[in-house]
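Written out below as structure tokens is the structure these notes cover.
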Amino acid sequence: MDHQIIVSTLALCLAFILVYFSIFERHDRLPPGPKPLPFLGNILQFPAKYKERTFVKWGNIYGDIVYAHFLRTPIIIINAHCVAQDILDKKSSIYSDRPNVAVLSDMTGMNISLPALPYGEQARKQRKWFQHAVASKSTLKQYQPIQRRETLTLLSGLCENAGSLRLHINRFAAGILMEISYGYTIRSLDDVYVHLANQAMAGTLECGYPGLMLVDFIPLSLLKLLPTRIPGYLGWFIRTASVIKGASVLLHDTPYNMVKSAIASGNARPSLVSSLLSDNDSDSDELDAQDEIDIKATAASIYSAGIETMLSVLSSFLLALLLHPRVLQKAREELDQVVGTERLPDFDDRKHLAYMECVLQEVYRWACPAPVTMLHKLAVDDEYQGYHIPAGASVVANAWAMTRDVRTYVDPEVFRPERFQDLPVGAKDTMDPRCYMFGFGRRVCPGKLLADSSLWLAMASIISTFDVVPSRDARGRQIIPEATWESGIIRQPVKISTHGRRRVLS
Ligand code: HEM
């Protein structure tokens with residue numbers, strides 16, 4: 001009997017090893033990458049934090065396209081803009097799927113939102129709604145009054161209570177996004193819906209880089225079986241996932257139900273949800289259950305995908321102005337010349353404000369709000385520059401590497417808007433960070449035009465009206481923050497110890 005057990009155990013181990021090596025036998029023509037360990041692959045070389053920096057180090061050794069694998073998952077890391085264009089833009093028909101990752105799975109309830117959806121019918125439907133709501137220049141025009149109103153609220157918030165800078169910026173972004181999604185106007189810094197949404201987002205962001213964390217290499221079916229009380233990282237993840245799930249159910253349902261009641265009582269204001277409900281409900285009494293899930297998810301992901309990214313850019317912008325008062329002065333001179341000092345800048349002024357445009361681009365590049373794009377999954381085997389890229393590989397574009405690429409930017413760590421001035425035609429597209437920071441191909445960020453125009457208006461208005469000055473400590477000494485950012489899928493400056501002081505007009 002004992003003998004039989006030993007033989008079957010050995011047979012099982014042998015079968016496992018054979019299957020393992022038949023799957024992971026290194027293909028001769030895979031892109032180069034760090035040497036993996038048996039079974040584990042490169043997991044142990046993969047730090048939990050600032051992954052983008054490790055990817056750059058690997059890029060310096062192995063080139064612009066790097067291969068690594070984590071247990072059963074092959075990962076392709078792209079460090080150069082031109083490679084990302086060749087692969088993710090030009091071949092987006094096969095590179096637009098998403099892997100099923102723990103933090104965006106049914107464990108957190110985030111699996112129904114566009115950023116997490118595999119590229120199929122549901123994703124296409126939600127993207128079409130996004131396209132209609134926020135991705136075309138003509139529809140964006142109708143949001144300009146909202147953007148102006150929230151910019152004014154931001155400016156007055158900065159005047160009254162400079163201490164809670166982050167809250168004011170958060171309110172600015174939330175004010176625009178909640179109005180567009182639900183027709184809901186935020187009235188205070190601690191608005192109940194914003195609080196709800198921030199709770200779901202905070203948990204999600206705490207979980208690190210979706211698809212590139214340790215939990216992502218444990219089969220989801222196994223992860224779900226683990227008890228919530230187990231100690232250590234896995235236990236922490238399981239408990240956090242259930243908190244996110246609670247918050248995300250509320251985030252999907254509460255504002256949606258508010259719009260439904262407003263429609264029923266004839267008081268609904270224009271919004272994405274009200275227009276989708278009326279479009280989808282026009283032919284039948286009952287709204288299709290799947291449509292209802294998709295409407296809730298689309299509206300919620302406008303908020304959840306937009307808030308932290310806009311917060312990151314505006315916080316980094318204030319940090320840049322604080323560290324580089326010369327830039328503020330130069331941009332203000334241009335604004336004063338074009339706009340004057342009697343009114344705030346407006347969208348029509350944008351084409352006349354060339355230096356302001358360079359400041360915006362340099363903030364995007366220097367701060368790099370989303371250091372790595374979300375993972376794209378390859379649907380079928382592919383070839384690139386003689387390399388074999390296996391079907392099922394997760395592909396990550398390292399936008400941070402692109403912002404620091406010395407082939408494109410001289411002294412990339414230096415904040416210098418002038419680098420974007422008077423560029424020859426060809427260089428414009430290679431250098432403009434908007435060509436890569438919003439992602440690629442069929443998964444490119446659908447909120448990019450809305451984000452860009454909202455951020456431009458806020459930045460130009462702040463430069464016109466505020467001196468950004470350092471805060472002081474208890475002994476009256478200026479606190480000059482360092483240009484450092486927290487690790488994560490969205491980069492927030494570690495500390496912005498600054499405030500706006502209303503400009504003294506001569
Ligand atoms: C500066 C602000 C923003 C930045 C830097 C940013 C960046 C990104 C990036 C890098 C991606 C992943 C693209 C890819 O996988 O290739 C993405 C996806 C997405 N973004 Fe944004 N984003 C911003 C603002 C917004 C806003 C304001 C909205 C909503 C109105 C939004 C909605 C989305 C959605 C829904 C996706 C998922 C698209 C999909 O999976 O098909 N983003 N964004």
Side-chain angles (χ1 to χ4, degrees), residues 52 78 84-85 87-89 92 95-99 101 104 110-120 122-136 139-140 143 146-147 169 172-181 197 201 209-211 272 294 297-317 360-361 363-365 367-377 394-400 402-403 433-456 458-459 489-492:
E52 59 278 10
I78 300 177
Q85 279 178 313
I87 292 184
L88 298 176
D89 277 340
S92 70
Y95 279 94
S96 293
D97 214 351
R98 296 273 196 226
V101 305
L104 299 177
M110 293 289 190
N111 56 323
I112 54 171
S113 295
L114 179 56
L117 288 177
Y119 197 71
Q122 208 184 340
R124 278 194 290 273
K125 176 163 70 168
Q126 290 194 21
R127 275 198 78 94
K128 199 173 97 192
W129 289 346
F130 255 104
Q131 184 71 27
H132 187 66
V134 293
S136 85
T139 45
L140 282 180
Y143 302 133
I146 303 172
Q147 291 167 306
I169 302 176
F172 162 77
I176 295 172
L177 301 171
M178 293 296 267
E179 186 85 48
I180 291 175
S181 303
M201 279 315 293
Y209 296 68
L272 172 76
D294 287 326
T298 305
S301 52
I302 286 201
Y303 186 91
S304 48
I307 190 83
E308 286 286 327
T309 41
M310 301 229 291
L311 183 62
S312 159
V313 174
L314 272 187
S315 307
S316 301
F317 162 73
L360 177 80
Q361 287 186 65
V363 171
Y364 285 155
R365 187 201 66 80
C368 188
V372 294
T373 59
M374 301 192 58
L375 296 182
H376 289 226
K377 185 172 148 194
S394 290
V395 183
V396 55
N398 186 358
W400 186 74
M402 298 170 199
T403 66
R434 283 169 291 204
C435 296
Y436 53 78
M437 62 177 266
F438 290 108
F440 296 92
R442 295 183 187 179
R443 301 313 290 241
V444 73
C445 173
K448 64 182 191 169
L449 293 178
L450 175 70
D452 185 66
S453 61
S454 308
L455 292 166
W456 178 87
M459 289 184 190
I489 184 83
I490 311 293
R491 274 163 42 106
Q492 302 294 351

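Counting starts at 1 for both ligands and their atoms, following the listed order.
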Tell me: protein heavy atom nearest [atom], and distance?
atom                    : value
atom 29 (C) of ligand 1 : I302 O, 3.6 Å
atom 35 (C) of ligand 1 : F130 CZ, 3.4 Å
atom 10 (C) of ligand 1 : M437 O, 3.4 Å
atom 38 (C) of ligand 1 : R127 NH1, 3.5 Å
atom 13 (C) of ligand 1 : R443 O, 3.2 Å
atom 40 (O) of ligand 1 : R98 NH2, 2.8 Å
atom 16 (O) of ligand 1 : H376 NE2, 2.7 Å

Counting only heavy atoms closer than 4.0 Å, does ligand 1 sit against the backbone of V313, its side chain, both, or neither? side chain
Could you tell me whether a side-chain N or O of [X] sits under 3.5 Å from a main-chain N or O of [Y], the two making a donor and an acceptor?
X    : Y    : answer
R491 : C368 : yes
D294 : Q126 : no
N111 : L104 : no
R434 : Q361 : no
S312 : E308 : no
R127 : R442 : yes
R98  : A116 : no

Taking both backbone and side-chain atoms of V444, is any N or O found less than 3.5 Å from an N or O belonging to ligand 1? no
Below 4.0 angstrom from a heavy atom of P369, which ligand 1 atoms are there? Numbered from 1 as shown, please. 5 (C)
Interfacing atoms of ligand 1 (cut-off 4.0 Å, heavy-atom, F440): 16 (O)
Could you grab the distance from atom CG of L455 to atom OH of Y364, nearest 0.5 Å is fine? 4.5 Å
Exercise: identify the closest heavy-atom pair between S453 and Q147: OG-NE2, 2.9 Å
Closest approach of S181 and A299, non-hydrogen atoms and distance? OG-O, 3.4 Å
Quick one: is the NZ or CZ of R124 closer than 6.0 Å to the six-membered ring centre of Y119, and within 45° of its axis? yes
Near atom 21 (Fe) of ligand 1, which protein N/O/S atoms fall under 2.8 Å? C445 SG
